[in-house]
Amino acid sequence: MSNESNTPTNFIRQIIEKELAEGQTKIVHTRFPPEPNGYLHIGHAKSICLNFGLAEDYNGVCNLRFDDTNPHKEDQEYIDAIQEDVRWLGFDWDDRLFYSSDYFPKLYEFAVELIKAGKAYVCDLSAEEVREYRGSLTEKGKDSPHRNRSVEENLELFEGMKEGMFEDGSRTLRAKIDMGSPNINMRDPALYRIRHGVVHHQTGDAWCIYPMYDFTHPISDALEGINYSLCTLEFEDHRPFYDWIIDNISVSCHPRQIEFSRLNLEYTVVSKRKLTQLVDEKVVNGWDDPRMPTLAGLRRRGVSPASIKEFSRRIGVTKVDGTIEMGALESCIREDLDRSAQRRMAVLNPLKVVITNYPEEQLEAISAPNHPKNESMGARPINFGRELYIDRDDFRESANKKFKRLVLDKEVRLRNSYVIRCDEVIKDEAGEIIELRCSYDPETLGANPEGRKVKGVIHWVSAKEGVKAELRLYDRLFNHPTPDADKEKHFLEHVNEASLTVIENAVVEPLVATEEAGKSFQFEREGYYCVDKDSTVGKPVFNRVVTLRDSWAKIENSN
RNA sequence: UGGGGAAUCGUCUAGCGGCAGGACUGCGGACUCUGACUCCGCCAACCAAGGUUCGAAUCCUUGUUCCCCAGCCA
């Protein structure tokens, strides 16, 4: 970004800097550990920027690791999409792409080690029984009747689990810690469960037992030599178990888990489960629907990686459970696009204008700068002619001085072109305005008129050359700032029915109609737009990335 | 009613015993061939009550409010 500054400090950077200075830490080694069960979203971007950003800033490394211990929910599609998204953000894991499933054999050995040390046991309780034995938030649990099996029996049973001798759900391997712990995560948590008949995307049918996250994560971190294992707040009370595992197996590395608050963004949801629901229930058109806060959606919407990184930088990293205003993201998007997007003109709601004193067949090439503040971005030709389109919102038959646009019997500047005066309004039988008769001042191309000041400037497209285009106007997906925090209503009830408005008959400059998907432009006075992948030669389609700030709307609405 | 966390402008965030600062938003103005951008200015906060101290957002005590946890999910 143009004004990008250094990453502000935060409590994690302070910990790292202290440990680096004191020598406990030699090389910062982090990891980003998504489960491949959905697409990455803006909340993941925060974590990606944190983990990869820390590695970059302290000359360390960051691994990409798929936390794939639950094959039931996972899929290769997500593995591919996640890698694409992380790369798109601009981060690189070199040869450090790992899968938790890489460690299945080692994990098994560590489980055996725990059993031999009398610190894990095979439990025959059903899921419901385990729940009963676990106690509650306020009551202690009670020991499983299988808690004191001999090491030999546990070894034999665990081996049997691995060999497929037992049915799903009939047994688990559990850590032997303390059923009376006030921390429920320490009440003999499950280490392994039995899952027959699922094909793991990496290991196929090699295993019928799968390790739990709480067991897998600390070990994966330790095996990879991670020293800062950053995760979100809800794992805070799993940390004692994380440390317990590391302390009770033979690994030399003891990664440190540090928790930070997950991102909440107003007027959207940032939860894989809920995003999946939006896709499955066809509230949106897929994971890359431009209304989605997924990286795929943001990318299709026209949001750049630079904007997302800057957003991530601005929101910071703390343990405060807060919600970011959408305006904060939009500000980053506008800042980036203002600098990088070429300017074009598009008329959303066309009103025909005939320049009565302009020759019938004449077309006049005008050079229009691509960026008002950056000459190196060049200029493009646009054609002025006798018939043009302007936006209906830019004309009024009568208006006060505040309305700096075209008014009957008044003048206005056509952007990059001449000053015109509206002489006559043509209406149909219903009284609707269908055409404006105007005259142009030939002396005003690139020059201000003599003796009078023309304040307003409006955009336009020549009728002869303009190309019909579809514009997709996106608005917030929900009409409640925290749709999933409402205890009265289900979040889907807060979906904004008007989150997509399709403008079928906009008219754009011919030059922008053939741009490739993904390119962003500013349609002057309207907003930033991005060529959608649905675009075809005959029918260009644009997504509105974000509107321009609109102080006129504020003035108008206040009246 | 157990355990783990968090409380600073509207929002996000800095502060680490010595002038409460920044960003976003909002408001006012300047500039303008984009009612954009840019520039200038303004509004706006330490959860509460005690205590320690020359001095407290910061340390101590007691409260209050909010978030998370009872998956063989992550």
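Residue numbers start from 1 in every chain, and the chains themselves are labelled A, B, ... in the order their sequence lines are given, proteins ahead of strands.
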Of A23(B), U34(B), U11(B), the nucleotide closest to the side chain of R314(A) is A23(B)
On RNA chain B, compare the nucleotides closest to V317(A) and L414(A); which residue's is nearer the 5' end? V317(A)
Nearest to side-chain heavy atoms of S331(A), which nucleotide of C68(B), G2(B), C24(B): C24(B)
Under 4.0 Å, counting only non-hydrogen atoms across every strand here, what does H217(A) touch: a base, just sugar-phosphate, or nothing? nothing
Classify the angle between the aromatic ring planes of W207(A) and F104(A) as parallel (below 30°), tilted (30 to 60°) or perpendicular (above 60°). perpendicular
Mark yes when over 12 heavy atoms from residues, nucleotides or ligands other than K410(A) sit less than 6.0 Å from its NZ; otherwise mark no. no
Which part of the nucleic acid does F235(A) contact within heavy-atom distance under 4.0 Å: base, sugar-phosphate only, or nothing? base
Have a look at G71(B) and give me syn or anti from its glycosidic angle (syn if within 90° of zero). syn
Using a cut-off of 4.0 Å on non-hydrogen atoms, how would the nucleic acid contact of R239(A) be classed: base, sugar-phosphate, or nothing? nothing
Measuring only the P atom in each nucleotide, how far is U13(B) from U8(B)? A whole number of Å is fine. 8 Å
Atom pair distance, as rounded to whole Å: CG in D243(A) and P in G4(B): 15 Å
Reckon P240(A) touches a base, only the sugar-phosphate, or nothing at all at heavy-atom distances under 4.0 Å? nothing
Check the geometry between W552(A) and G35(B) and answer yes if their rings are stacked (centres below 5.5 Å, planes below 30°), otherwise no. yes
Base, sugar-phosphate or nothing for T172(A)? Non-hydrogen atoms, less than 4.0 Å. base
Complement of C27(B), any strand, by Watson-Crick or G-U distances under 3.5 angstrom: G41(B)
For the aromatic rings, using the six-membered ring if either is Trp, is the centroid distance between H72(A) and Y210(A) under 6.0 Å? no
State whether S551(A) places a side-chain N or O below 4.0 Å from either non-bridging phosphate oxygen (OP1 or OP2) of A36(B). yes
Any K487(A) side-chain N or O less than 4.0 Å from OP1/OP2 of C67(B): yes
Value in whole Å for how far the P atom of G3(B) lies from NE2 of H238(A): 17 Å
Please give, in whole Å, the distance from C33(B) C1' to N416(A) CG? 7 Å
Any base atoms under 4.0 Å from R334(A), or only sugar-phosphate, or nothing? Heavy atoms, all strands. nothing
Residues Y78(A), Y39(A); criterion ring-ring contact (aromatic ring centres under 6.0 Å, His included); working and verdict: CA-CA 6 Å; Y78(A) 302 123; Y39(A) 279 64; 5.8 Å; yes
What contact category does G169(A) fall into here, base, sugar-phosphate, or nothing, at under 4.0 angstrom with non-hydrogen atoms? base
Counting just side-chain N and O atoms, does Q14(A) come under 4.0 Å of either OP1 or OP2 of G15(B)? yes
Counting any heavy atom closer than 4.0 Å, what does G456(A) reach on the DNA or RNA strands: base, sugar-phosphate only, or nothing? nothing
State plainly whether the residues D484(A) and R273(A) are in salt-bridge range, i.e. N to O under 4.0 Å. no
Base, sugar-phosphate, or nothing for T69(A), non-hydrogen atoms under 4.0 angstrom? sugar-phosphate
Can you figure out which of C73(B), G5(B), U13(B) approaches the side chain of V320(A) most closely? U13(B)
Using the closest heavy atom to pick a nucleotide of RNA chain B for each, name whichever of S136(A) or N183(A) lands nearer the 5' end. N183(A)
Ignoring backbone atoms, test whether R549(A) places a side-chain nitrogen or oxygen under 4.0 Å from the OP1 or OP2 oxygen of C37(B). yes
Taking the side chain of R193(A) as its heavy atoms from C-beta onward, which of C73(B), A70(B), G2(B) lies nearest to it? C73(B)
Looking only at the side chain of T9(A) (C-beta and beyond, no hydrogens), which of the listed nucleotides C67(B), G15(B), U34(B) gets closest? G15(B)
Nearest to the side chain of E524(A), which nucleotide is it out of C24(B), U34(B), C72(B)? U34(B)
C59(B) versus C68(B) - spacing of their C1' atoms, nearest Å: 28 Å
With a 4.0 Å cut-off on heavy atoms, is L137(A) in touch with a base, just the backbone sugar-phosphate, or nothing at all? base
Would you indicate, yes or no, if C72(B) has its OP1 or OP2 atom less than 4.0 angstrom from a side-chain nitrogen or oxygen of R174(A)? no
Touch check for E526(A), heavy atoms < 4.0 angstrom, all strands: base, sugar-phosphate only, or nothing? nothing
Are the aromatic rings of F542(A) and F521(A) close, with centres under 6.0 Å apart? no
By the 4.0 Å heavy-atom rule, please label L263(A) as base, sugar-phosphate, or nothing. nothing
Which part of the nucleic acid does F403(A) contact within heavy-atom distance under 4.0 Å: base, sugar-phosphate only, or nothing? base
May I ask you to check whether H238(A) and Y242(A) place their ring centres under 6.0 Å from each other? no
Closest to the side chain of M212(A), out of C37(B), C73(B), G35(B), is C73(B)
Any strand, both distances under 3.5 Å, Watson-Crick or G-U wobble: A70(B) pairs with none
The nucleotide from C73(B), C68(B), G26(B) with an atom nearest the side chain of K554(A) is G26(B)
Using atom P of each nucleotide, how far apart are A14(B) and C27(B) to the nearest Å? 27 Å
Considering only A70(B), A14(B), G35(B), which nucleotide approaches the side chain of R405(A) most closely? G35(B)
Rounded to whole angstrom, note down the P distance from G63(B) over to G4(B). 16 Å
Can you tell me how far C1' in U65(B) sits from the matching atom in G28(B), rounded to whole Å? 36 Å
Out of curiosity, D391(A) CG to L351(A) CG, how far, rounded to the nearest 0.5 Å? 8.5 Å
Ranking A74(B), G15(B), G4(B) by distance to the side chain of E236(A), first place goes to G4(B)
Need one value for K73(A): base, sugar-phosphate or nothing, where a base atom within 4.0 Å counts as base even if backbone is also close, heavy atoms only. base
On the nucleotide A70(B), are OP1 or OP2 found under 4.0 Å from the side-chain N or O atoms that R187(A) carries? no
Atom pair CZ (R544(A)) and CZ (F523(A)), whose distance is rounded to the nearest 0.5 Å: 12.0 Å
Give a yes or no on whether a salt bridge exists between R380(A) and E509(A), defined as a side-chain N under 4.0 angstrom from a carboxylate O. yes
Is the phosphate of G2(B) approached by R134(A) (side-chain N or O, under 4.0 Å from OP1 or OP2)? no
Between A23(B) and U64(B) - C1' atom distance, rounded Å: 30 Å
Rounded P spacing from G50(B) to U58(B) in Å: 14 Å
Once hydrogens and angles are ignored, does a donor-acceptor distance under 3.5 Å link the base of C12(B) to the side chain of E325(A)? no
To the nearest angstrom, how far is R195(A) atom CZ from G71(B) atom C1'? 10 Å
Taking OP1 and OP2 of C67(B), is either one under 4.0 Å from a side-chain nitrogen or oxygen of R262(A)? no
Mind checking who U61(B) pairs with, Watson-Crick or G-U wobble, both distances under 3.5 Å? A49(B)
Using atom C1' of each nucleotide, how far apart are A30(B) and A36(B) to the nearest Å? 15 Å
